[in-house]
Number of protein chains: 2
Amino acid sequence: MKKEKDILQHYIAHKRLRLTRQRQFILETFLSMESHVSAEELYKEVSKRDPSIGLATVYRTLHLLSKSGLAQERQFGDGQTRYEHDFNHSHHDHLICTECGDITEFEHPMIERLQEEIADRNKFSIYTHRLDIYGLCKRCNKKGETFMPTNRHKGG
Amino acid sequence: MKKEKDILQHYIAHKRLRLTRQRQFILETFLSMESHVSAEELYKEVSKRDPSIGLATVYRTLHLLSKSGLAQERQFGDGQTRYEHDFNHSHHDHLICTECGDITEFEHPMIERLQEEIADRNKFSIYTHRLDIYGLCKRCNKKGETFMPTNRHKGG
DNA sequence: TTTGTTATGATAATTATTATCATTATCAAA
DNA sequence: TTTGATAATGATAATAATTATCATAACAAA
Ligand SMILES: [Zn+2]
Ligand SMILES: [Zn+2]
Ligand SMILES: [Zn+2]
Ligand SMILES: [Zn+2]
């Protein structure tokens, strides 16, 4: 929290931007939420405590956080960009539950290494990658087995 | 071409749909183009030879082709859905060049296997996955080395 | 303060895709 | 073949996420 604020301040000073009340508040809120939030979700949470802050500012601040290394944009194919915490958060890939929307992170060094192999083979130089695995998470699997009602177990 | 038409016909018969001139023509055009086309790109090509066919029909037909197993939807993060041939085309992942947009396919059985390992470890059952590797392709790498003008080597 | 800028909030615009709907085309049965 | 039920089409409106615009407000520093 303290450290993240410093990073934002540093980036802002470096780029000669301004540290506004809104930017600080949006960062705080973003950090207080679980990762992989959409702009709309963050905006809703921000609005709760400060209804004066506009949606456009949330979008603008998310871009700022991305550029400063505090957030990372991700597309999981549900039609909206999701943002995850990117400070002290090393590379990882995702298991996405198509039933409840739950997102689990994982890392597998061997998979990472094999990608280099592919790249070499194709004389391709990797900038980044994403591995998204879609299916049913532990909980949703269980539901199927036991014939429980098939509702989302997250959110409302 | 013959086989693909049969597949479409079979699917259409099975679902009690209708085999229209437009559907046949859009399938033909789709198959004649390189894979990983967007709806807009396909529409442009279709329009060239038959301007009477509407964009909505191209979208609808692409959905139909996807459901019948002739096309597969993919999102590479450039904001539009791309469709690739899916008949006689086994699972593969992609190397995407961020400079020229070129898409190369690859398959790596070991990477596939290790994903199962991840899934087991998380009691997750896989439905599908995608591994997209972004970076510079062979050609664009070369350009960088030799200080050639940095233009796209495709299209235009 | 004044001044030159940057940021904000409201809202219009954009873009890809989907929905609507009146009209047309398809196809199996008569 | 005609017919008739209904699926498909094309034009266009609607939707949804995101971005652009712009008048006003907040900053920073002279
Ligand atoms: Zn990875
Ligand atoms: Zn993550
Ligand atoms: Zn794969
Ligand atoms: Zn492919």
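Owing to the predicted nature of the structure, the values given are computational and were not obtained by experimental measurement. Scope of the values below: all heavy atoms of this structure, side chains included, with no hydrogens, waters or symmetry mates. Within every chain, numbering begins at 1; the chains are lettered A, B, ... in the order of the sequence lines, protein sequences first and strands thereafter.
The side chain of B:Y59 contributes no N or O atom lying less than 4.0 Å from OP1 or OP2 of C:dT18. For A:T81, a side-chain nitrogen or oxygen approaches OP1 or OP2 of D:dT18 to under 4.0 Å. A sub-4.0 Å separation between OP1 or OP2 of C:dT18 and a side-chain N or O of B:H63 is present.
Inspection of the A:E84 and A:H94 side chains reveals an N or O donor paired with an N or O acceptor under 3.5 Å. Neither side chain, A:H108 nor B:Q115, offers a donor N or O lying under 3.5 Å from an acceptor on the other. Side chain to side chain, B:N141 and A:S125 meet the donor-acceptor criterion of an N or O pair below 3.5 Å. For the residue pair A:Q72 and A:S66, no side-chain donor N or O sits within less than 3.5 Å of a side-chain acceptor on the partner.
Looking at DNA chain C, the stems built from 3 or more consecutive Watson-Crick or G-U wobble pairs, each pair with its key distances under 3.5 Å, are C:1-30 with D:1-30.
Whole-Å rounding puts the B:L55 CG to C:dA16 C1' distance at 9 Å. Following rounding to the nearest Å, A:Q9 (CD) and D:dC27 (P) show an atom-to-atom distance of 14 Å. Note: OH (B:Y43) to P (D:dT12) measures 11 Å, nearest angstrom. Between A:Q24 atom CD and C:dA7 atom C1' there is a gap of 14 Å when expressed in whole angstrom units. The distance between atom CD of A:Q80 and atom C1' of D:dT18, rounded to the nearest whole Å, is 11 Å. With rounding to whole Å, B:L62 atom CG is found 15 Å from C:dA16 atom P. Protein atom CD1 of A:I26 is 11 Å distant from nucleotide atom C1' of C:dG9, rounded to whole Å. Protein atom CG of A:L64 is 14 Å distant from nucleotide atom P of D:dT19, rounded to whole Å.
At the heavy-atom level, A:R23 lies under 4.0 Å from the strands shown only through sugar-phosphate atoms. Among the atoms of the strands shown, only primed sugar atoms or phosphate atoms (P, OP1, OP2) are found under 4.0 Å from some heavy atom of B:L19. When heavy atoms are screened at a 4.0 angstrom cut-off, B:S38 is found touching no nucleic acid atom at all.
Using a 4.0 Å cut-off between a side-chain N of Lys or Arg and a carboxylate O of Asp or Glu, B:E73 and B:R82 do not qualify as a salt bridge. Residues A:E45 and A:K48 are paired through a salt bridge, judged by an N-O separation under 4.0 Å between the basic side chain and the carboxylate.
Here the CD1-CD distance, from A:I12 to A:Q24, works out to 8.0 Å after rounding to the nearest 0.5 Å.
Nearest nucleotide to the side chain of B:A56, out of D:dA17, C:dA7, D:dG10: D:dG10. Nearest nucleotide to the side chain of B:Q22, out of D:dG10, C:dT17, D:dT18: D:dG10. Side-chain atoms of A:T20 lie closest to C:dT8 of the nucleotides D:dA5, C:dT8, D:dC27.
Below the 3.5 angstrom threshold, one finds a donor paired with an acceptor across the side chain of A:R18 and the base of D:dC27.
Sequence order on DNA chain D of the closest nucleotides to B:I53 and A:G79 puts B:I53 first from the 5' end.
Scanning for side chain to side chain contact (heavy atoms under 4.5 Å, CB included) contacts around A:T128 gives B:Y134, with sequence neighbours left out.
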